Asks: 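Mind looking over this structure? Questions follow.
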Amino acid sequence: MGIRVISVRRYLARHLREAATQLLNEAGQGWPEDLQIVVEQPARLEHGDYATNLAMRLAPVLHRAPVQIAEALQPFMNQLPLVARTEVVRPGFLNFFLNWQAWTDVTTPDPIPAERVQTKVVIEHTSINPNKAAHIGHLRNSCIGDTLGRLLRRAGYPVEVHNYIDDLGNQVADTVVGLLHVPVHGQYARFGDFCWDLYAQVNQAYKTDEALKARRVEVQKALEDGGNNVSWIATLVADRIVRDHLEDMAQFGIHYDLLVHEYDIVHMGFWAAAFEKLKQSPLFVKETEGKYAGCWVLKQPPAAAEQTVLSKPLEPLEATAPNVSAPERERGLATADGEGARGACKERQEGEPDGGGEDSEYNPDKVLVRSNGVLTYTAKDIAYHLWKFGLLGQDFLYRPFEDGIWTTAEQGEPGSFGRAKRVLNVIDKRQEYPQAMVRLALQALGFAEEASQLHHVSYGVVSLSPATAARLGIDISEGKSSYPMSGRQGIGIKVSDLLAQMEATVEAVRPRKEGISSRQVAAAAIRYFLLRFNLLTEIVFDFDQAADLHGNSGVYLMYQHARAAKILRDGGWAAAAALTPTALASPLSGDGTSALPTPQVPSDLLPEERALLRHLADWPDTLEQAAAELNVTLLTTYAFELASLFSTFYDAAPVLKAPEPLRTFRMWVVARTRLTLADVLNVLGLPAPDQM
RNA sequence: GCGCCCGUAGCUCAGUUGGAUAGAGCGUUUGGCUACGAACCAAAAGGCCGGGGGUUCGAAUCCCUCCGGGCGCACCA
């Protein structure tokens, strides 16, 4: 019935393995350790729908020419129903041309691996300090996190999304200080906008007002203690601002399952429990001398322990690489007579003379409890992560917050949050070190498996282009290529402002006013823009660039979807236009399928038709790869390519006016494209409008 | 100083488990709507993939080195 999807790459790889195994056996050889089968779509259409370099990889093992090996593989592959023919090309490529009729007839979908369904993934993202309005840097975090959540859910994992509310942090304290002591006048649409200015002014005032700085310390202490006027003000501020943040994010289709409040981590005794556990570890000690005298500190492990963790087998996810590692320390010692880090040099002079292997002039150890007894952020984060993995032996209480979101609470009901098998933390790359320390704490406690399942999803910050910075009134006479945003200086583009500006832009340029609103279009354009870049790429945000709604943009993707939907409606395939992507997603959901007539694939496909079919066929593999690598760019690239190929197809191949059976075939292609595009848009968190 | 990330078209970026002639968008030039939705398509111009070595059948991709950027090296988060 032709609506089911299978992974063609995996299908071909499986059969290639069988064929290659046979060749190896005939030569009296086993499967080489490091040999992986790679099946990919060649860049050029002439090179086939899929191709493999397997013959070239086998050549040194079999001691035969690659072309010969490829030719030996051919008979095996030619028998496959999905393969129309194969070709062997010069260096030793084996190219596959698919039998598209067979592909459209596929009815056996790949099942979701059972083990996956039991792998609960907790994703933490957003986690904005609740003391002022959100800016576009925060929005990038949320878009990435939300997309990863959608991606993993689509791939079959149970996903729970957390937003960590740092309601005891210094930034909240600063906003409270401002509320109490720094007058700000003006009209503001929202509390967060008011606090945006307030926070900047407080930080300005700190520079000259010693009394205010002293007050800051008092407020911080009051928050830590809780149960007083100041701490209640902080609670109210955080709560109000969180609502602003959630309102902002909701406009971009971003949602959460649970808000975790730092206040609750502290006040429900999570740290006390974590502290007891940590004390069992020799890496967690109270320093009696040196720079950290009086502090409880998490020490760097000996090199050996780290090795075992680093050599964890096939983890496709992000490399585990704490930037302060044992090899680095050794290198540091080797050049120890050099300058070294400032404070650390002094430290070393009075360091332990025995060189017990643990002393390090860099002192990469992490303070968890300050000498004054106050916890660091990382300490609370460690407790939180023990809880995330269900390792703490304690749980929060919960109550509904709003719109289906729950929050931790001192008084509430028990819940079933947490207990994750895998944890993803979407946090910008400047925080690699503390993230590595959280993982180290898990290792130190003997939770090696959990440590390996804790992933810091690291991404680059968003800064402002000179033009955009200038528009905000920032002095750009320095001539830098980008200007960082700064909450303390009140420099940045607020999410709500950006959305409003973009909405005005859309309203001004859109040719029709049907279907989704300009605001939705604007939000989608922004979201796509923030997702297009590699995670590690630092985005230099330029308003004019982001506001370009042509070409590779979210608008283009939605437009192609609307265009496909229109053709289906006009062509009498309304049922196909109404199918939801779950028809592709779930092998069990059954049926949408009867809504699509069986196509008769022409023997003389147009290049534009074949290019489109080829790309459609690759969606299941792209999805799997994106999920395995947590690679969002793969999705945006796929989506744009799909939309682009469809547009080319549309231009080259008339659908409604085509004679039968060609018309039915092309309608089927349109239906399938629309469905796949809707699926991708859904994973990307963008609307899939029927008209716009 | 130590470490991590990055350097690809005029601009902004894809492509990096080594593969076939290095791609896209924007910008520039040219052409295409009495319409299956032009928020589109087609074509042209534009590249020693930062420089230099190395590894091999084959390098933007891996290794070494230099140059140039960003970030991190707190009893902040």
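We name chains A, B, ... by the order of the sequence lines, and we start the count at 1 in each one. Note that this is a predicted model, so its numbers are computed, not measured.
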Asks: When we call it a touch if two heavy atoms are under 4.0 Å apart, what does A/V367 touch: a base, just sugar-phosphate, or nothing?
Replies: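 The residue A/V367 makes sugar-phosphate contact but no base contact.
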Asks: Take atom P in B/rG7 and the same atom in B/rU29, then report the distance between them in whole Å.
Replies: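 Each nucleotide's P atom is 31 Å from the other's.
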Asks: Write down the distance between CG (A/L58) and C1' (B/rC57), rounded to a whole number of angstrom.
Replies: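 After rounding, the gap between these two atoms is 15 Å.
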Asks: Start at the 5' end of RNA chain B and walk down; is the nucleotide closest to A/L656 or to A/F529 reached first?
Replies: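 Taking each residue's closest nucleotide, the earlier one in sequence belongs to A/F529.
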Asks: Measuring to OP1 and OP2 of B/rC6, would you say a side-chain N or O of A/Y459 lies under 4.0 angstrom away?
Replies: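 Checking B/rC6 against A/Y459, no side-chain N or O comes under 4.0 Å of OP1 or OP2.
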Asks: What's A/D381 touching, base or sugar-phosphate or nothing? Going by heavy atoms closer than 4.0 Å.
Replies: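 No contact.
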Asks: Between B/rG51 and B/rG25, how many Å separate the two P atoms, rounded to a whole number?
Replies: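 Looking at atom P only, B/rG51 and B/rG25 are 25 Å apart.
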Asks: Side chains of A/E641 and A/T637 only: does a donor on one sit below 3.5 Å from an acceptor on the other?
Replies: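 Side-chain D/A pair, A/E641 to A/T637: absent.
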Asks: Is the NZ or CZ atom of A/R140 positioned over A/Y459's six-membered ring, under 6.0 angstrom from the centre and within 45° of the axis?
Replies: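 Negative - A/R140 is either too far from the ring of A/Y459 or too far off its axis.
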Asks: Looking only at side chains, do A/Q220 and A/N170 share a donor and an acceptor under 3.5 Å apart?
Replies: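 A/N170 and A/Q220 do have a side-chain donor-acceptor pair below 3.5 Å.
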Asks: According to a strict under-4.0 Å criterion, is A/Y650 in side-chain N/O contact with OP1 or OP2 of B/rA38?
Replies: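 So the side chain of A/Y650 is within the cut-off, an N or O lying under 4.0 Å from OP1 or OP2 of B/rA38.
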Asks: When all nucleic acid strands are considered with a 4.0 Å heavy-atom cut-off, which category describes A/A653: base, sugar-phosphate, or nothing?
Replies: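 Base contact.
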Asks: Kindly point out which of B/rA74, B/rC36, B/rA39 is positioned nearest to the side chain of A/Y292?
Replies: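 Nearest to the side chain of A/Y292 among the choices is B/rA74.
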Asks: Would you name the heavy atoms of A/F533 and A/T633 that are closest together and state the gap between them?
Replies: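 Where A/F533 meets A/T633 most closely, the heavy atoms are O-OG1, 3.5 Å.
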Asks: Between C1' on B/rC41 and CG on A/L645, what's the gap in Å once rounded to a whole number?
Replies: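 Computing the A/L645:CG to B/rC41:C1' distance gives 13 Å.
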Asks: Figure out the CD/P separation between A/Q41 and B/rG15, and round it to whole Å.
Replies: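 Answer to the nearest Å: 16 Å.
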Asks: Tell me whether the OP1 or OP2 atom of B/rA39 has a side-chain N or O from A/S647 closer than 4.0 Å.
Replies: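 A/S647 to B/rA39 OP1/OP2: no side-chain N or O under 4.0 Å.
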Asks: Where the side chain of A/V521 is concerned, which of B/rC41, B/rC13, B/rA39 is the nearest nucleotide?
Replies: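 Nearest to the side-chain atoms of A/V521, counting from C-beta on, is B/rA39.
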Asks: Where the side chain of A/K429 is defined as all heavy atoms beyond and including C-beta, which of B/rC41, B/rA38, B/rC5 is the nearest nucleotide?
Replies: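 From the listed options, B/rC5 comes nearest.
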Asks: Tell me whether the side-chain N or O atoms of A/S371 pair up with the base of B/rC75 as donor and acceptor below 3.5 Å, since no angle test is needed here.
Replies: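 Check passes, donor-acceptor contact within cut-off.
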Asks: Write out all pairs satisfying side chain to side chain donor-acceptor pair (under 3.5 Å) with one or both partners inside residues 37-48 of chain A, taking only residues at least two apart or from two chains.
Replies: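 Residue pairs passing side chain to side chain donor-acceptor pair (under 3.5 Å), neighbours aside: A/Q41-A/Y50, A/R44-A/E46.
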Asks: In the structure shown, which nucleotide is the Watson-Crick or G-U wobble counterpart of B/rG47, with both distances under 3.5 Å?
Replies: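 Paired with B/rG47, as far as the under-3.5 Å criterion goes, is no nucleotide at all.
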Asks: Between OG of A/S482 and CG of A/L464, what distance do you get to the nearest 0.5 Å?
Replies: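 Between A/S482 OG and A/L464 CG, I get 8.5 Å after rounding to 0.5 Å.
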Asks: Which nucleotides of nucleotides 16-26 of chain B have their base under 4.0 Å from a protein heavy atom (B), which only their sugar-phosphate (S), and which neither (-), written as one string 5' to 3'?
Replies: -B-BBB--SSS
Asks: What distance, rounded to whole Å, do you find between the two P atoms, one in B/rU12 and one in B/rU30?
Replies: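 Rounded to whole Å, the distance is 26 Å.
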Asks: At under 4.0 Å between heavy atoms, what does A/A643 touch on the DNA or RNA strands: base, sugar-phosphate, or nothing?
Replies: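 It contacts nothing in the nucleic acid.
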Asks: Compare side-chain N and O positions of A/T648 against OP1 and OP2 of B/rA42 and report whether any pair is under 4.0 Å apart.
Replies: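 For B/rA42, OP1 or OP2 has a side-chain N or O of A/T648 closer than 4.0 Å.
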Asks: Could you work out which one of B/rC13, B/rC36, B/rA38 sits closest to the side chain of A/Y559?
Replies: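 The answer is B/rA38, which lies nearest to the side chain.
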Asks: Could you check which nucleotide pairs with B/rC33 in any of the strands shown, counting Watson-Crick or G-U wobble with both distances under 3.5 Å?
Replies: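 Base-paired to nothing in any strand shown.
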Asks: Heavy atoms from C-beta onward define the side chain here; which of B/rA39, B/rC40, B/rC36 lies closest to that of A/R563?
Replies: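 Among the listed nucleotides, the one closest to the side chain of A/R563 is B/rC40.
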Asks: Considering only B/rG70, B/rU12, B/rC75, which nucleotide approaches the side chain of A/F533 most closely?
Replies: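 Ranking B/rG70, B/rU12, B/rC75 by closest atom to the A/F533 side chain puts B/rU12 first.
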Asks: Does the structure show a Watson-Crick or G-U wobble partner for B/rG7, both distances under 3.5 Å? Name it, or say none.
Replies: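 When the pairing criteria are applied, B/rC67 turns out to be the nucleotide that pairs with B/rG7.
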Asks: Can you tell me the pairing partner of B/rA24 across any strand shown, Watson-Crick or G-U wobble, with both distances under 3.5 angstrom?
Replies: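 Here B/rA24 is engaged in a pair, and the nucleotide opposite it is B/rU12.
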Asks: Starting from C1' on B/rG3, measure out to CE on A/M437 and report it in whole angstrom.
Replies: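 Roughly 13 Å, once rounded to whole Å.
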Asks: Using distance alone, with no hydrogens and no angle criterion, decide if A/R57 and A/T52 have a side-chain donor and acceptor under 3.5 Å apart.
Replies: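 Side chains of A/R57 and A/T52: no pair found under 3.5 Å.
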Asks: Does the side chain of A/V177 come within less than 4.5 Å of A/Y206's, by heavy atoms?
Replies: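 Yes, their side chains come closer than 4.5 Å.
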Asks: Indicate whether any N or O donor in one side chain lies under 3.5 Å from an N or O acceptor in the other, for A/N425 and A/H385.
Replies: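 A donor-acceptor contact under 3.5 Å links the two side chains.
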Asks: Work out how far the C1' atom of B/rG27 is from that of B/rG18, and round it to whole angstrom.
Replies: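 Comparing C1' positions in B/rG27 and B/rG18 gives a spacing of 34 Å.
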Asks: Under 6.0 Å between the ring centres of A/H561 and A/F646?
Replies: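 So the answer is no for these two rings.
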Asks: Reading RNA chain B from 5' onward, which residue's closest nucleotide shows up sooner: A/Q171 or A/K657?
Replies: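 Taking each residue's closest nucleotide, the earlier one in sequence belongs to A/K657.
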Asks: Output the rounded distance in Å from CD (A/E538) to C1' (B/rG72).
Replies: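 So the CD-C1' distance, A/E538 to B/rG72, works out to 12 Å.
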Asks: Would you indicate what A/Q691 reaches in the nucleic acid, counting non-hydrogen atoms under 4.0 angstrom: base, sugar-phosphate, or nothing?
Replies: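 The residue A/Q691 makes base contact.
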Asks: Just compare B/rC75, B/rU12, B/rG72 and give me whichever is closest to any side-chain atom of A/R430.
Replies: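 That would be B/rG72.
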